[in-house]
Amino acid sequence: MTHGATRGRNRVRIIAGKWRSRVVKFPAAAHLRPTPDRVRETLFNWLGQRLDGLACLDLFAGSGALGFEALSRGARRVVMVESDRKVAQALRESARSLGAAEVEVVNAEALAWLARASERFDLAFVDPPYASGLAQLALAALPERMNPGARVYAESPQPLELSAAWRTLREDRAGAVRYALYELTEP
């Protein structure tokens, strides 16, 4: 079966919060690999069920599953960065459909955007195209954009090498995907 061959493959369900069970749709694209429900449940158990007042960054946003889940659970603001124009437009449409005024969708390359951004965040989601090597590069660039004590969730095919700026809070594996939650120890 090819990617997107079935209608249900281009949608993801929000697990909890004010938009619980709402569906977010996204276009078929080879690089899109939404974080599975089970992994999202684990992540939000690690983070605590509520994210009230947090400013979040969904780098490599893709389907927007992580950013929309964060907003559904009380995040104050989410910036979604997506390089694919068609996917970014779908994120804007999903935000309108949900009434998510707290979302800013940026159509840009993630690392280039990070280099010029000035806003700081409390939580970042780093889920780049699989095996691209971009998770490691993003983790190196993120400390300047994060508030003290901020956390970063990252998915990668293998363990990431951490600088002294990060410490691992939790990590696990689901199939071929390794996922971890890191905390900023120094800006």
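Remember, predicted model here, so these are calculated numbers, not experimental data.
Between Arg38 and Ala174 the shortest heavy-atom distance is NH2-CB, 3.3 Å. Of all non-hydrogen atoms in Phe68 and Leu98, the two that sit nearest each other are CD2-CD1, 3.6 Å. Scanning both residues, Ala61 and Leu91, for their nearest heavy atoms gives CB-CD1, 3.8 Å. Counting all heavy atoms, side chain and backbone alike, Arg120 lies closest to Ala55 at O-CB, 4.2 Å. Taking both residues in full, the closest heavy atoms of Val105 and Ala88 are given as CG1-O, 3.6 Å, listed atom of the first, atom of the second, then distance.
The side-chain heavy atoms of Val152 and Met146, taken from C-beta on, include a pair separated by under 4.5 Å. Inter-residue side-chain proximity for Phe121 and Cys56 is flagged as unmet; no heavy-atom pair is nearer than 4.5 Å. At a threshold of 4.5 Å between non-hydrogen side-chain atoms, the residues Val106 and Val79 count as touching. In this structure, Leu160 and Tyr182 have side chains that are in contact, with non-hydrogen atoms separated by less than 4.5 Å. Looking at heavy atoms from C-beta onward, Val78 lies out of side-chain contact with Glu102 at the 4.5 angstrom threshold. Proximity of Val126 to Tyr153: side-chain heavy atoms (C-beta onward) are nowhere separated by under 4.5 Å. Between Phe60 and Ser132 there is no side-chain heavy-atom pair separated by less than 4.5 Å. Within the 4.5 Å cutoff, the side chain of Leu181 has no heavy atoms near those of the Glu171 side chain.
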Next item on the list: Could you check Leu123 against Leu57 for side chain to side chain contact (heavy atoms under 4.5 Å, CB included), going step by step and ending with a plain yes or no?
Entry: CA-CA 6 Å; Leu123 176 61; Leu57 173 62; over 6 Å; no

Next item on the list: Take Leu51 and Phe44 through the side chain to side chain contact (heavy atoms under 4.5 Å, CB included) test and state the conclusion after the steps.
Entry: CA-CA 9 Å; Leu51 303 179; Phe44 286 95; 3.5 Å; yes

Item checked: salt bridge (charged side-chain N to carboxylate O under 4.0 Å, His left out) between Arg40 and Glu69, worked out -> CA-CA 9 Å; Arg40 279 187 289 131; Glu69 191 75 46; 3.1 Å; yes

Next item on the list: Would you sort out whether Lys86 and Asp84 count as a salt bridge (charged side-chain N to carboxylate O under 4.0 Å, His left out), showing the intermediate values?
Entry: CA-CA 6 Å; Lys86 186 175 176 183; Asp84 184 301; over 6 Å; no

Item checked: Derivation and outcome, salt bridge (charged side-chain N to carboxylate O under 4.0 Å, His left out), residues Glu104 and Arg77 -> CA-CA 8 Å; Glu104 178 184 349; Arg77 173 172 163 72; 2.5 Å; yes

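Judged by distance alone, with hydrogens and angles left aside, the side-chain atoms of Ser83 form no donor-acceptor pair with the main-chain N or O of Ala108 at under 3.5 Å. Between the side chain of Ser94 and the backbone N or O of Ala90 there is at least one donor-acceptor pair closer than 3.5 Å. With Arg151 contributing its side chain and Leu184 its backbone, the two residues share no donor-acceptor pair below 3.5 Å. Judged purely by atom type and a 3.5 angstrom limit, Arg167 has no side-chain atom pairing as donor or acceptor with the backbone of Thr185. Counting only distance, with no hydrogens or angles, the side chain of Asp122 and the backbone of Ala150 share no donor-acceptor pair below 3.5 Å.
Scored by the side chain to side chain donor-acceptor pair (under 3.5 Å) test, Glu109 finds no partners at all (sequence neighbours excluded). Taking Arg92 as the reference, nothing meets the side chain to side chain donor-acceptor pair (under 3.5 Å) condition, with sequence neighbours excluded.
Interatomic distance, Ser118 OG to Glu144 CD, rounded to the nearest 0.5 Å: 12.0 Å. To the nearest 0.5 Å, atoms CZ (Phe125) and CE (Met80) are separated by 9.0 Å. Arg170 CZ to Glu183 CD: the interatomic distance, rounded to the nearest 0.5 Å, is 13.0 Å.
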Name every donor-acceptor pair, under 3.5 Å, that has one atom in a side chain of residues 133-140 and the other anywhere in the protein, sequence neighbours excluded.
residue	atom	partner	partner atom	Å
Gln136	OE1	Glu161	N	2.9
Gln136	NE2	Glu161	O	2.5

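Just one residue in the list Leu59, Val87, Asp58 forms a side chain to side chain contact (heavy atoms under 4.5 Å, CB included) with Glu82, and that residue is Val87.
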